[in-house]
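Whatever order the structure lists ligands and atoms in, that order sets their numbers, starting from 1.
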Amino acid sequence: MNPKTIDLIAGARPNFMKIAPIIRAINQNKTYQHRIKYRLIHTGQHYDQNMSGNFFDQLGIPAPDFNLNVGSGTQASQTAGIMMGYEDILMKQKSDLCVVVGDVTSTMACAITAQKMLVPVAHVEGGIRSNDWTMPEEINRMATDAVTNWFFTTSEYADENLRRMGVVRERIFFVGNTMIDTLLQNLDRLQKPDFWDSLGLNPKDYFVLTLHRPANVDQELKLKKLMQTIIDGAKDKKIIFPVHPRTAKILNKLGISSKNLHMVEPMGYLEFNYLVQSCFAVITDSGGITEEATVLDVPCMTLRDSTERPETVTMGTNELVGTDPNNLRPYLEKLFSGKWKTGQIPPLWDGKAAERIVKHICTLL
Ligand code: UD1
């Protein structure tokens, strides 16, 4: 029997660590390789070396079989570019399954394109919901899940959301978290960032800050107030802030500076997680980082009003602070008084999610 072809779609930074362990699981097992072969498709949604290339190098992801080179643009133009590029590939050679991960624009665009070309879709990290329709990611999640055949989920919350949508149990596979597979696989490879010594960093003595959601960074005044609150609240601790390109565009105009604030370029995977593992606390508006902080047992404050990953709050080290800068103060006080909760690792976040996914795929096809 010829192996079935599966397409693995990756487009933006948070996709790369989710796809890497799936590739690894296939490459390490001859039985799987007899059953399936994969085509890696990079949409090019992220394209800078430090938003894309470094992740391929550090995580040992092979060069993509196709790069759609879609680049930046509005939501609609990016979606259209990805759909046209992927449709073209499928028209030339159809695959037997399209595997999408996460919730970025590439995820949604490829899922819809595949399903319209009669290629079934599997969604890794399916079913999570913030219920905040102002986030493009939430629209991506809903649209993707509406055209998904098989869901590989990270939590029981996700399973419940899907069942509420009317998805039958047979299509839902609670497998764990591929992002955590990557973290656990790389724990002993994490690397001290170049600036560690020059900035005089010491373990548990600095904050890691990341901000890129439109709700936090698109309004200049709000961003300024938020930054000032964080700088004041961090007391004498340093703040390391790897700045996302979207945030940099606005931040550069604001002229914010403080002796403890260190803005750096977006970092590689191994350096960033080294920084998180050793920090005093994380302040972020990312979703994936709240999962990593939970597993690394690092206090985490999320500057959002909702989360699609409630297990990081109910079980993990994360707290949902909201987007109002004034909300931060009581959380910082709790942190400085040493009363931050200790977390637990959510079920099946054990480093074996990708292995389970590939096994299911072999059975399903
Ligand atoms: C995307 C994802 C978001 C994810 C984030 C991680 C969507 C809707 N959003 O948001 O879920 O958390 O990636 O980074 O898919 N840019 C560069 N270089 C690049 C890529 C982007 O300079 O390699 C700049 C572009 O000018 C662009 C801006 O960053 O306008 C935003 O990029 P975009 O891909 O639109 O969305 P993100 O904000 O990165």
Side-chain angles (χ1 to χ4, degrees), residues 9-19 41-57 64 67-83 85-86 100-112 123-126 128-130 132-145 154 179 182 208-219 223 241-253 263-269 272-273 276 282 284-293 302-304 306-309 312:
I9 311 293
R13 188 170 57 176
N15 288 166
F16 306 133
M17 37 285 213
K18 294 173 192 168
I19 216 88
I41 297 171
H42 188 340
T43 66
Q45 179 179 343
H46 284 173
Y47 43 85
D48 285 353
Q49 181 62 17
N50 60 13
M51 298 293 285
S52 170
N54 283 348
F55 292 82
F56 277 71
D57 297 343
N67 192 327
L68 307 182
N69 288 315
V70 67
S72 297
T74 64
Q75 293 287 317
S77 69
Q78 250 180 359
T79 305
I82 297 165
M83 284 182 156
Y86 185 41
V100 294
V101 299
D103 56 16
V104 303
T105 299
S106 305
T107 311
M108 172 194 67
C110 289
I112 293 175
H123 185 194
V124 174
E125 205 187 88
I128 64 175
R129 293 287 183 277
S130 67
D132 174 357
W133 288 25
T134 66
M135 294 173 70
E137 293 82 1
E138 184 68 358
I139 312 296
N140 293 342
R141 291 180 200 118
M142 293 189 296
T144 304
D145 286 348
T154 50
M179 195 172 208
T182 294
V208 175
L209 171 65
T210 82
L211 292 172
H212 75 288
R213 300 270 167 216
N216 286 324
V217 306
D218 279 4
Q219 298 161 43
L223 179 59
F241 183 11
V243 185
H244 185 283
R246 181 191 190 98
T247 314
K249 282 183 195 163
I250 301 151
L251 213 52
N252 290 342
K253 291 191 235 162
M263 296 195 235
V264 297
E265 291 286 309
M267 298 171 67
Y269 180 82
F272 182 73
N273 281 291
V276 170
V282 173
T284 188
D285 59 8
S286 154
I289 296 171
T290 66
E291 297 180 341
E292 290 163 341
T302 294
L303 302 176
R304 286 175 50 191
S306 61
T307 175
E308 61 289 337
R309 295 162 164 91
T312 63

>> Counting non-hydrogen protein atoms only, what is the nearest one to atom 13 (O) of ligand 1? Give residue, atom name and distance.
In response: H46 CE1, 3.1 Å
> By number and element, which atoms of ligand 1 are closer than 4.0 Å to a non-hydrogen atom of R246?
Replying inline: 29 (O), 38 (O)
>> Between ligand 1 and R213, is the shortest N or O to N or O distance under 3.5 Å?
In response: no
> Are the aromatic ring centres of H46 and F55 under 6.0 angstrom apart?
Replying inline: no
> Out of D103, D145, T144, T107, which one pairs with H123 under the side chain to side chain donor-acceptor pair (under 3.5 Å) rule?
Replying inline: D145
> Is a donor on one side and an acceptor on the other found under 3.5 Å between the side chain of D285 and the backbone of R213?
Replying inline: yes
>> Between T284 and T210, do the side chains contain a donor N or O and an acceptor N or O under 3.5 Å apart?
In response: yes
>> Counting only nitrogen or oxygen atoms and a 3.5 angstrom limit, does Q75 reach ligand 1?
In response: no
> Roughly how far, to the nearest 0.5 Å, is OG1 of T182 from CE of M17?
Replying inline: 8.0 Å
>> Any heavy-atom pair between the side chains of Q45 and S52 that's under 4.5 Å?
In response: no
> Tell me, which protein residue and heavy-atom name are nearest atom 18 (N) of ligand 1, and how many Å apart are they?
Replying inline: D48 OD2, 2.9 Å
> How many angstroms lie between CZ in R129 and CE in M142, if you round to the nearest 0.5 Å?
Replying inline: 7.0 Å
>> With a 3.5 Å distance limit and no angle check, can you tell me whether T79 reaches the backbone of Q75 through a side-chain donor-acceptor pair?
In response: yes
> Rounded to the nearest 0.5 Å, how far does CD of E308 lie from CD of E138?
Replying inline: 7.0 Å
> If you measure from CD1 on I250 to CG on N216, what distance do you get to the nearest 0.5 Å?
Replying inline: 10.5 Å
> At what distance is the nearest protein heavy atom to atom 8 (C) of ligand 1, and which residue and atom is it?
Replying inline: T105 OG1, 3.2 Å
> For atom 17 (C) of ligand 1, which protein heavy atom lies nearest, and how many Å away is it?
Replying inline: Y47 OH, 3.4 Å
> What is the closest protein heavy atom to atom 12 (O) of ligand 1, and at what distance does it sit?
Replying inline: H212 NE2, 2.9 Å
> Where is the nearest protein heavy atom to atom 9 (N) of ligand 1: which residue, which atom, and how far?
Replying inline: E137 OE2, 3.2 Å
>> Within ligand 1, which atoms have a heavy atom of M51 less than 4.0 Å away?
In response: 14 (O), 19 (C), 23 (O)
>> Tell me the contacting part of P14 for ligand 1: side chain, backbone, both, or neither, using a 4.0 Å heavy-atom threshold, strictly below.
In response: side chain
> Which heavy atom of the protein is the closest neighbour of atom 26 (O) of ligand 1, given with residue, atom name and distance?
Replying inline: K249 NZ, 2.7 Å
> What is the nearest protein non-hydrogen atom to atom 25 (C) of ligand 1, stated with its residue, atom name and distance?
Replying inline: S72 OG, 3.1 Å
> For Q45 and ligand 1, does the shortest N/O to N/O distance drop below 3.5 Å?
Replying inline: yes
>> Using the rule ring-ring contact (aromatic ring centres under 6.0 Å, His included), only one of Y47, F16, Y86 pairs with H42; which is it?
In response: F16
> Under 4.0 Å from any heavy atom of Q78, which atoms of ligand 1 are there?
Replying inline: 34 (O), 35 (O)
> Which ligand 1 atoms are under 4.0 Å away from a heavy-atom of P245?
Replying inline: 16 (N), 17 (C), 22 (O), 24 (C), 29 (O)
>> Using a 4.0 Å cutoff against the non-hydrogen atoms of H244, which atoms of ligand 1 qualify?
In response: 14 (O), 37 (P), 38 (O), 39 (O)
